[in-house]
Amino acid sequence: MRNPKLPSTNRNSKSIAIATIQSITPTPKILKYQHYILPSPLEPTNATISISIFPAIMAVSWEESVTYSINTVYLLFSAYLVFIMQLGFAMLCAGSVRAKNAMNIMLTNVVDAVVGSISYYLFGFAFAFGDTSNPFIGTNFFALKDIPNSSFDYSFFLYQWAFAIAVAGITSGSIAERTQFSAYLVFSFFLTGFVYPVVVHWVWSSSGWLSPSSTSPLFASGAIDFAGSGVVHMVGAVAGLWGSLIEGPRVGRFDAFGNPMPMRGHNATLVVLGTFLLWFGWFGFNPGSFDKILVAYPSTTNQGNWTAVGRTAVTTTLAGSTAGIVTLFGRRLLVGHWDALDVCNGLLGGFVAITSGCSVVEPWAAIVCGFFAAWVLIALNILAVKLNFDDPLEATQLHGGCGAWGLIFTGLFAKEEFVVQAYDAGVTGVARPYGLFMGGGWGLLGCQVIEILVIVCWVSATMGPIFYALHRLTILRISAEEEIAGVDISSHGGYAYSSHQDVDQPRFYADYMRMQDQS
């Protein structure tokens with residue numbers, strides 16, 4: 001970086017610029033500014049020499065510039081991958097609902113992104129990463145004030161924003177096909193701007209009371225939730241749980257005797273496409289959570305974050321694949337046929353579960369994670385039907401149940417070497433609690449259980465009242481008539497498809513309004 005330009009001078013003055021910097025950071029800090037007016041023996045008696053000491057910037061070394069640039073590009077690319085998951089969510093949701101509600105669920109995915117962007121910019125990032133002295137909630141960086149600085153820059157904000165809008169997408173799936181559009185606007189803003197960021201501060205901020213990066217972590221460990229099995233997936237799932245419970249099942253999902261009625265999605269092609277897009281995006285979600293790729297481990301000669309990034313991608317793939325194949329055969333035994341939709345959800349359940357410990361477990365342990373994640377999802381789906389709980393996308397069971405299992409799994413199988421690499425850049429001589437089954441004691445597992453409990457309590461205490469208030473104000477659920485006709489025609493002026501398959505339903509909004517007038 002070049003030195004700053006010298007100030008302008010006149011014939012009776014001379015200027016000198018002297019430069020130093022405090023440290024090499026994205027935004028070098030100003031040390032001081034001094035201005036001296038000295039008599040000049042070389043000019044007439046009324047002349048002076050002006051000597052100014054400016055915050056000039058010493059040239060950053062070529063190697064450091066390249067390192068910073070590559071790390072920034074890596075984080076931005078990871079953010080783009082995570083954002084692609086929004087497209088995956090949209091396709092998955094659209095295929096999982098009935099055709100008469102496809103436009104509605106697509107629009108809610110767009111709303112989650114745009115409303116979440118404003119909410120996270122204004123409040124969310126500040127609550128998540130502001131104020132390093134407060135273990136509960138951040139209190140600065142609102143509307144990105146003082147960003148960039150020596151700790152955060154715009155690329156870090158963008159990456160965290162992509163995570164935030166994914167949370168609201170999980171909740172939207174749980175309450176699909178029966179929710180008023182205005183309710184989406186309210187809960188999406190509140191969830192993205194306040195509820196989720198507080199949990200982020202607890203676990204991912206360096207000052208959070210559950211953070212493993214804290215100066216005095218809980219049980220000398222802190223909770224390891226590397227990419228968010230709890231922080232992201234459980235938060236969205238618990239919010240969706242309360243929304244589904246307060247709204248109740250969709251019309252026709254259970255008969256008068258409580259027996260389940262088939263109500264499958266209309267397009268398996270979209271579900272499979274969405275699943276593969278989510279799989280692709282997960283390579284930004286999990287490996288990208290290292291934030292930096294060019295970090296060498298001092299205890300080795302040829303390893304660094306680049307090694308851990310590759311291993312994390314492998315563990316992610318193995319866990320999801322194992323869960324998918326176990327679900328394939330498990331559902332075959334239960335229902336008697338091969339079901340593509342169940343396999344897709346099983347695959348996603350494995351990804352959700354490994355997200356917590358993806359960076360700190362061996363590849364063989366990821367297979368264990370995926371195996372049990374599949375059975376957790378299958379069991380919770382059976383329980384949901386018995387309890388007459390209706391979640392069109394199985395989001396509560398998938399993201400909540402598999403997310404909780406993922407946290408427990410990390411407390412059992414985290415490897416000490418990988419924990420030190422992920423949280424201490426592989427520095428030698430550092431001791432951290434690690435997985436119980438790997439000989440690391442109960443400290444880490446205790447923190448994992450505490451994270452599960454506090455997420456359930458926090459989200460229940462915040463989102464439960466929000467959904468109940470929307471219900472009492474009659475702006476949560478649509479009427480039974482609108483639900484039967486379809487949210488597309490009743491709220492959005494027409495169907496997502498020009499040739500709608502339900503011939504007994506009105507084709508256009510005007511037809512719907514005439515039917516309403518006649519009734």
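- Rounding to the nearest 0.5 angstrom, the gap separating the CD atom in Q448 from the OG atom in S229 is 9.0 Å.
- By the ring pair (Phe, Tyr, Trp, His ring centres under 6.0 Å) test, Y434 pairs with no residue at all, sequence neighbours left out.
- Ring centroids of F280 and F276 are separated by 6.0 Å or more, keeping the two rings apart.
- By the salt bridge (charged side-chain N to carboxylate O under 4.0 Å, His left out) test, R432 is found to be paired with D424, residues two or more places apart in sequence or in another chain being considered.
- A heavy-atom distance below 4.5 Å is found between the side chains of T275 and L92.
- Under a 3.5 Å cut-off, the side chain of T322 and the backbone N or O of L318 do form a donor-acceptor pair.
- For W62, the side chain to side chain contact (heavy atoms under 4.5 Å, CB included) criterion is met by V66, not counting sequence neighbours.
- Side-chain N or O atoms of D153 include none that pairs as donor or acceptor with a backbone N or O of P148 at under 3.5 Å.
- In this structure, NZ on K292 lies 8.5 Å from CG on L75, to the nearest 0.5 angstrom.
- The shortest side-chain heavy-atom distance between C344 and V272 falls under the 4.5 Å cut-off.
- The closest side-chain heavy-atom distance from N345 to T327 is not below 4.5 Å.
- Every residue two or more places apart in sequence or in another chain that forms a side chain to side chain donor-acceptor pair (under 3.5 Å) with T316 is listed here: N286.
- For F125 and Y121, the ring centers sit 6.0 Å or farther from each other.
- With rounding to the nearest 0.5 angstrom, the CG atom of L347 is 11.0 Å from the CG atom of L377.
- In this pair, F127 and F194 present their aromatic rings perpendicular. The plane angle is above 60°, beyond the 30 to 60° band.
- Here the rule is side chain to side chain donor-acceptor pair (under 3.5 Å) with S172, and of T179, D112, T108 only D112 fits it.
- Atom CZ of F283 has more than 12 heavy atoms from other residues, nucleotides or ligands within 6.0 Å.
- Residues satisfying the ring pair (Phe, Tyr, Trp, His ring centres under 6.0 Å) criterion with F123, sequence neighbours excluded, are absent altogether.
- Checked against a 6.0 Å centroid threshold, the rings of F285 and H233 count as neighbours.
- Between the CD1 atom of I70 and the OH atom of Y74 there is a distance of 12.5 Å, given to the nearest 0.5 Å.
- Taking a 6.0 Å sphere around CD1 of I325, one finds it holds 12 or fewer heavy atoms contributed by other residues, nucleotides or ligands.
- The side chain to side chain donor-acceptor pair (under 3.5 Å) test applied to Y297 returns N305, not counting sequence neighbours.
- Contact check for I450 versus W209: side-chain heavy atoms found under the 4.5 Å cut-off.
- In this model, a donor atom of one side chain and an acceptor atom of the other lie less than 3.5 Å apart for S61 and E64.
- Of the possible polar contacts, none joining the W375 side chain to the V326 backbone as a donor-acceptor pair under 3.5 Å is found.
- With ring centers used as reference points, W161 lies under 6.0 Å from F83.
- With sequence neighbours excluded, the residues forming a salt bridge (charged side-chain N to carboxylate O under 4.0 Å, His left out) with D342 are R331, listed by chain and number.
- Legend: residues meeting ring pair (Phe, Tyr, Trp, His ring centres under 6.0 Å) with F290, ordered by chain and number and at least two apart, are F226.
- Interatomic distance, I175 CD1 to Q180 CD, rounded to the nearest 0.5 Å: 11.0 Å.
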Report all side-chain donor-acceptor pairs from residues 138-147 shorter than 3.5 Å, counting only partners two or more places apart or in another chain.
unit_1 : atom_1 : unit_2 : atom_2 : d
T139   : OG1    : D131   : OD2    : 2.8
N140   : OD1    : D131   : N      : 2.4

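- Contact of the Y423 side chain with the I224 side chain is registered, since non-hydrogen atoms from C-beta on lie closer than 4.5 Å.
- Proximity of a side-chain donor or acceptor of Y159 to a complementary backbone N or O of Y80 within less than 3.5 Å is not detected.
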Using distance only, find each side-chain donor-acceptor pair of residues 400-418 under 3.5 Å and give its atom names and separation, not counting sequence neighbours.
unit_1 : atom_1 : unit_2 : atom_2 : d
W405   : NE1    : C369   : O      : 3.1
T410   : OG1    : S356   : OG     : 2.9
T410   : OG1    : G357   : N      : 3.2
T410   : OG1    : G406   : O      : 2.9
K415   : NZ     : E362   : OE2    : 2.6
E417   : OE2    : Q421   : NE2    : 3.3

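- Judged by distance alone, the side chains of N381 and E394 do bring a donor and an acceptor atom under 3.5 Å apart.
- N109 contributes atom CG, which lies 4.5 Å from atom SG of C93 (distance to the nearest 0.5 angstrom).
- Take F351 and apply the ring pair (Phe, Tyr, Trp, His ring centres under 6.0 Å) test, not counting sequence neighbours, and it matches W279, W282.
- The closest side-chain heavy-atom distance from P135 to W202 is not below 4.5 Å.
- Note: H399 and F89 have tilted aromatic rings, judged against thresholds of 30 and 60 degrees for the angle between ring planes.
- Two rings, from F157 and Y120, have their centers less than 6.0 Å apart.
- Of the candidates V314, T315, T312, T312 is the only one forming a side-chain contact (heavy atoms from CB on, under 4.5 Å) with P287.
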Would you mind writing out the side-chain donor-acceptor pairs for residues 451-464 within the sub-3.5 Å range, not counting sequence neighbours?
unit_1 : atom_1 : unit_2 : atom_2 : d
W458   : NE1    : V195   : O      : 3.0
S460   : OG     : W242   : NE1    : 2.8
S460   : OG     : V456   : O      : 2.6
T462   : OG1    : W458   : O      : 2.8
T462   : OG1    : V459   : O      : 3.3

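- Under the 4.5 Å side-chain criterion, counting only non-hydrogen atoms from C-beta, R311 is not in contact with C358.
- Side-chain contact between S205 and S211 is absent, with no heavy-atom pair separated by less than 4.5 Å.
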